[in-house]
Participant: 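What follows is a structure written as structure tokens; I'll ask about it next.
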Amino acid sequence: MSAHDFKTTVLPALLVGTSRQPIDFSRLSDAAISPADPKSGLKALALTGQALRFERPAPPSDYAAIPIRNPSRRNVPEALRPMLVRMFGDGDATVLPFFRSGYHDSLQLAMALAFEARRLQPHPFDFHLMRSFLRAHAERLGPAACRWVDREKGAEEKRGYFDVDELNDGNWHQTTPARRQQYIEDRRRQDANAGRALVEAVWPNEAADLRVSLLQALRQGLCSADAAFLEGLAKDRAPRVRELAERYLSRLPGATGQNPALRSVMERIVRHEAGFIRKRVTLKLELPATVIGNGWRGWVAESFEEVEVDELARGLGLGAAEMIAAAAQDRCLPTALTIMAFRQGNTAIARQAYEATPETQPRQFAPANLINLHWGTLVKSDGGRGTFREAWRVSWRPEFSIALAEALVFGVTVEEAASNATLDRAARTSSIAELADLVRAALVADLESTAKATISRLQEAAVSASDITDLMKAVSPLVTILRYGTARKLPGEALRALVTALAVEVNAGVRLGSHQLDEQTARARLAAMRDYDEAVGFFGDHALLETWRRQLALMLDDDQVTASIAGFCLRRLHDLRIWDEGTVAAAFSRHIGGRPPLLAGGFLESFLSGGAEIVLQDRPLLHLVDAWLCRLGEEDFMEALPLLRRSFTSFDADARKRLLAEIGKGGRETVSFDAMEQSGDNLAFDRALPLLLRILGVGVEE
Amino acid sequence: MERGIAGFVANAASACRQIVQRLVDAKASALVTRLDSLPSRLFSLTEAARPQAAVVELGILHLIAEANRRQDALDPALREDVRQMVGWTQTRDALLGDAAAVRSAGRWHVIVRRIEVQPDKLRRLETWLLREGEGDGPRFALLMDFVPLLGAASAGLMRGETFEAELVYFASPVPLRALIATQTSPSSIAPAMPTLPEAGLAQAWQAYQEALGARPWLGDWPLLFKRARVRRSGEALFLTDPADTGLCLPIWPDQAASVLPLAEADVVDGVGLWDGWRIRLTQAETELGRWIDA
């Protein structure tokens, strides 16, 4: 047995499933694993896994040539690197304790300015250790830092920078955005009109981000002479530019316009008056329909960024404190007010608004749980990681005394009354779901004899049950309990008898019960069939399994059976290799050709279900669909396109690409692993093999 | 296996949950942690690699289960190791008092400090140590601590620290997990990486294969290498050995941005942790300077 044997003989069978492609143990060189061994598959799995671990990773087809750049700046001296990382690194322990946030920001800025002045940059090996420092000051830290910060941006967002030592009116627009903004601000201080003229000259060629920063620079020395330029921005492509220009216009002497940001938030704040004796004002913020989940925080931060607290209070006709009180019942407004106040440095108002946010108030627990009349409720979602631990929520209410008195009719102890009441309910219902619940409740309550009696009742009801989906759904959890067990003592024999009874009824009724189902019922049936199919396989009753598989074939031949269910049946017959490839291909063509698109689509969708990975690994299946597609004429192909789109929607983009690549390779013959290139034996695996075989007991009489 | 391990990957979380519950009942805590984190380990890989990774992971689980059943057929060190893999624990005092336990003394450097949150709501603190110079006993050690998720994490040792100590190892054919038996010097910040042995990446890979051969369920393994190169192919980075062109280890994708500058170096000497699929570089020395993982 060599690593190559396991990779070429066992691995493909493991990936597509041993029912589809049984492991050919005779092809393992010395046939040490006997196919008769019940654990032969698991042993092959373990050895194949180890063989893969000894393999070297596959190299890429080629490597990129890395250009060595000639940096325009020098790296900081090696000795200073650790100190710089400690001061400006991202880790918790790196920030010096006496630098509180505000001071730390100033220190970062001072350091970035020093780097710029001395034409230095942090060492590129340290960029990833000081991400926040780089993001905040990349433009002052040099072109390498800018490239690093921009590395995940699209090509159109990336900008080429070069460093110039002395800026003037001729070269100012060739440097980094921050330096350009700074230059314009300086020029506006010296000569407002000259500064604006420089901006106007480069304006049409700049990207939106840069236009915003240049416009921000014009805030310095804003005057009536800027009005014409600002009015011209009313049709700018970027909304942020338009809004900023409008805001500047509203600030010019003699302007009559209102802050557009204020106007837009005012449109979304609804004002109500409540209270009988004393009217109270309440405010509610109506979010746009596109803002969902926690996305409101970002929307609020952006929308209220340019609004001042006093400005908003005036607009609402309230004082600041009144406004906060009126907003307290709203989910978002207190947060908005907090953000606004913080930005303006008004900590008193910010604190008031923060204390009004719903997150800081005591939680009002919904009383829904308390109206349940059950004394104890099993909290499933918090039931611990094993099955020993169960979490119960217990709550006593006075009316339970009355319920207890009423239950006396069933018995004088809680146990007796519970048992008799369960039996009474079981006798009066024929619903499979309700009876299954009663069985579960009796098992949880440790009423073994009641559980057995309820199981018998469930078996009786199953005979006359008409809803096959319900019956199928009842089987899967019971098989899981029988397979894995639970910490509770369970009547195993009674449960096995119940599973058998339910499965017999399912097998007997599934074909007729699958005729002409509507889409919703068919969807529920398919989900139940998948679980049931797996459960019957695990249950280990060969007679039941055989009957079930026979039913799959019969359903495929029955024209009245719903198309999606027929698709599932064919897929299982293919997976289990019950039908050969030719028979599967014929049945596939029969069900998909000449049918109305809706039926053919349903068939194809359930036939291809189970994830892209299986379709990729199961080449006969993939090539079956490919062959069918290639046979279609142009007209039929165009008609089939929507079906295909629907069937492949559940595969993600990457899987679809891989499928295309696989199909694109052409060749529909089954790959012969004999023909695969021998990769050579792995000597390290060969040395490890004796220990593995000893662990697995291969070659040892058990 | 009947339905195909390729299909198992998509349902790994639900498939593992039930078995995990029963393993919790059986108090097989180490197996529980391994199985509970299996789906997330699979999903951290590329989609194409997941089916093979599932074969490897499920195969290891079967090996551990079989080794646990056949303890009598195993060497003492492997027997003790598999008991730890299942969930049997050895107390600190018992290990320190075990005269037969493997020990290794010298100056230790903290090369990696890693914190992982386990599905059982415990925080696992891993401190990987490398002993300076050649000498007797294992060269690597892994200190592991477990603290509640909500509690404060102990400060412990920091990456880059160095100290003199004697370590005692838990029994294993490949001793790695250890405790500090005696610390003979206070810890201080190391001015440079410890001197690495004169061995390339190919030799490090060979050492990994030997360790894997002795301990089939080997987890993360430290690789020490000299004269390696970082190379790029598309968005992916690889650690290669110029002396053995067939060997190229994929570098963790989340390190792409931080490791990329190393591609400009002609030669990289360093340390990384290999998890069977990808290597996580932790420290490196190059002609351009020293590189440290975030």
Side-chain angles (χ1 to χ4, degrees), chain A residues 11 14-20 41-42 45-50 52-54 56-57 59-64 66 68 75 78 81 90 93 123-125 127-129 148 151 385-388 480 484-485 487 537 575 610-611 613-614 616-617 654-655 658 684 687-688 691-692 694-697, chain B residues 1-7 9-10 18-22 24-25 32 47-48 50-52 55-60 62-63 66-67 70 73-74 120 158 205-206 209-210 212-214 216 231-234 236 238 246-250 257-258 261-264 276-277 288-292 294:
Chain A
L11 183 62
L14 291 172
L15 292 181
V16 299
T18 51
S19 64
R20 293 183 182 89
L42 288 169
L45 168 77
L47 292 171
T48 308
Q50 287 298 308
L52 291 172
R53 296 187 80 192
F54 278 91
R56 289 178 168 204
S61 53
D62 52 23
Y63 294 112
I66 305 289
I68 307 296
N75 292 338
E78 194 68 18
R81 284 178 58 197
D90 298 316
H123 195 294
F125 285 4
F127 284 175
H128 67 285
L129 301 174
W148 196 85
R151 70 195 184 283
R385 302 179 70 227
T387 61
F388 276 108
T480 306
Y484 297 110
D575 287 351
E613 204 55 50
I614 285 283
L616 273 162
Q617 300 289 347
D654 185 45
R658 289 169 62 204
R687 284 195 295 274
L691 174 63
L692 296 172
R694 182 146 49 100
I695 290 173
L696 294 169
Chain B
M1 285 207 313
E2 272 193 6
R3 295 191 151 213
I5 288 175
V9 174
Q18 182 86 33
I19 308 168
V20 162
Q21 281 198 322
R22 295 302 289 148
V24 170
D25 292 345
V32 166
E47 199 177 348
R50 287 175 202 161
Q52 290 204 3
V55 169
V56 169
E57 291 285 348
L58 295 174
I60 291 174
H62 184 63
L63 274 173
E66 288 296 300
R70 292 196 178 79
L74 305 179
D120 56 2
M158 301 301 291
W205 177 256
Q206 208 174 336
Q209 286 190 319
E210 279 165 21
L212 182 60
R231 310 197 71 180
R232 182 169 70 82
S233 178
F238 297 86
L247 184 62
C248 82
L249 306 182
S258 55
L262 279 175
E264 293 188 15
W277 303 99
L288 303 176
R290 188 179 184 190
W291 179 92
I292 299 174

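To find a chain, count down the sequence lines: A is the first, B the second, and so on, and within it residues start at 1. Because only heavy atoms are used, hydrogens play no part in the values below, and waters and symmetry mates are left out as well, while side chains stay in. Because the structure is a prediction, the values reported are computed rather than measured.
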Participant: So which part of B:W277 gets closer than 4.5 Å to some heavy atom of chain A, the side chain, the backbone, both or neither?
Facilitator: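 Neither part; nothing is under 4.5 Å.
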Participant: Considering all heavy atoms of both residues, which atom of A:F54 and which atom of B:Q209 are nearest to each other, and what is their separation?
Facilitator: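 In terms of heavy atoms, the two residues are closest at O-NE2, 2.9 Å.
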Participant: Measure across A:P124 and B:P261 and return the closest heavy-atom pair with its distance rounded to 0.1 Å.
Facilitator: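 That would be O-CG, 3.7 Å.
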Participant: Which of the residues B:A214, B:G59, B:G234 is involved in the greatest number of heavy-atom pairs with chain A at under 4.5 angstrom?
Facilitator: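 The option with the most such pairs is B:G59.
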Participant: I'd like to know whether B:L288 forms a side-chain contact (heavy atoms from CB on, under 4.5 Å) with A:N75, so could you lay out the CA-CA distance, the side-chain angles of the two residues, the decisive distance to 0.1 Å, and finally the verdict.
Facilitator: CA-CA 10 Å; B:L288 303 176; A:N75 292 338; over 6 Å; no
Participant: Residues two or more places apart in sequence or in another chain: which of them pass side-chain hydrogen bond (donor to acceptor under 3.5 Å, both in side chains) with B:E57?
Facilitator: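 side-chain hydrogen bond (donor to acceptor under 3.5 Å, both in side chains) list for B:E57, sorted by chain: B:R41.
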Participant: What option among B:L212, B:V56, B:L262 has the most heavy-atom pairs under 4.5 Å with chain A?
Facilitator: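 Answer, by heavy-atom pair count under 4.5 Å with chain A: B:L212.
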Participant: Heavy atoms only: give me the nearest A:R53-B:P216 pair and the separation to one decimal.
Facilitator: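 So the two residues come closest at NH1-O, 2.6 Å.
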Participant: Nearest 0.5 Å, what's the CD-CG distance between B:E66 and A:L696?
Facilitator: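 Spacing of CD (B:E66) from CG (A:L696) equals 6.0 Å.
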Participant: State, to 0.1 Å, how close A:A688 and B:G213 come at their nearest heavy-atom pair, and which atoms those are.
Facilitator: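 Scanning both residues completely, I find the closest heavy atoms to be CB-CA, 3.6 Å.
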Participant: Can you list the residues that meet the side-chain hydrogen bond (donor to acceptor under 3.5 Å, both in side chains) rule with A:R56, with sequence neighbours excluded?
Facilitator: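 In terms of side-chain hydrogen bond (donor to acceptor under 3.5 Å, both in side chains), with neighbours along the sequence ignored, A:R56 is linked to B:D244.
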Participant: Relative to chain B, which of A:L14, A:L11, A:L42 shows the most heavy atom pairs under 4.5 Å?
Facilitator: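 Winner by heavy-atom pair count: A:L42.
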Participant: Within the side chain of A:R694, is there an N or O that forms a donor-acceptor pair under 3.5 Å with the backbone of B:A73?
Facilitator: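 Judged by distance alone, yes, a pair lies under 3.5 Å.
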Participant: Closest approach of A:L52 and B:Q52, non-hydrogen atoms and distance?
Facilitator: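 Taking A:L52 first and B:Q52 second, the nearest heavy atoms are CD2-OE1, 3.6 Å.
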Participant: Picking from B:R50, B:R290, B:Q206, B:E210, which has the most non-hydrogen pairs under 4.5 angstrom with chain A?
Facilitator: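 Most heavy-atom pairs under 4.5 Å with chain A: B:R290.
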Participant: Side-chain contact test, heavy atoms from C-beta onward, threshold under 4.5 Å: evaluate it for B:C248 versus A:Y63 and give yes or no.
Facilitator: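 Of all side-chain heavy-atom pairs linking A:Y63 with B:C248, at least one is under 4.5 Å.
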Participant: Indicate the atoms forming the closest heavy-atom contact of B:A257 with A:W148, along with that distance.
Facilitator: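 Shortest heavy-atom contact: O-NE1, 3.5 Å.
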Participant: Which of these passes side-chain contact (heavy atoms from CB on, under 4.5 Å) with A:L45: B:L58, B:L63, B:I60?
Facilitator: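 Checked B:L58, B:L63, B:I60 against A:L45; only one passes side-chain contact (heavy atoms from CB on, under 4.5 Å): B:L58.
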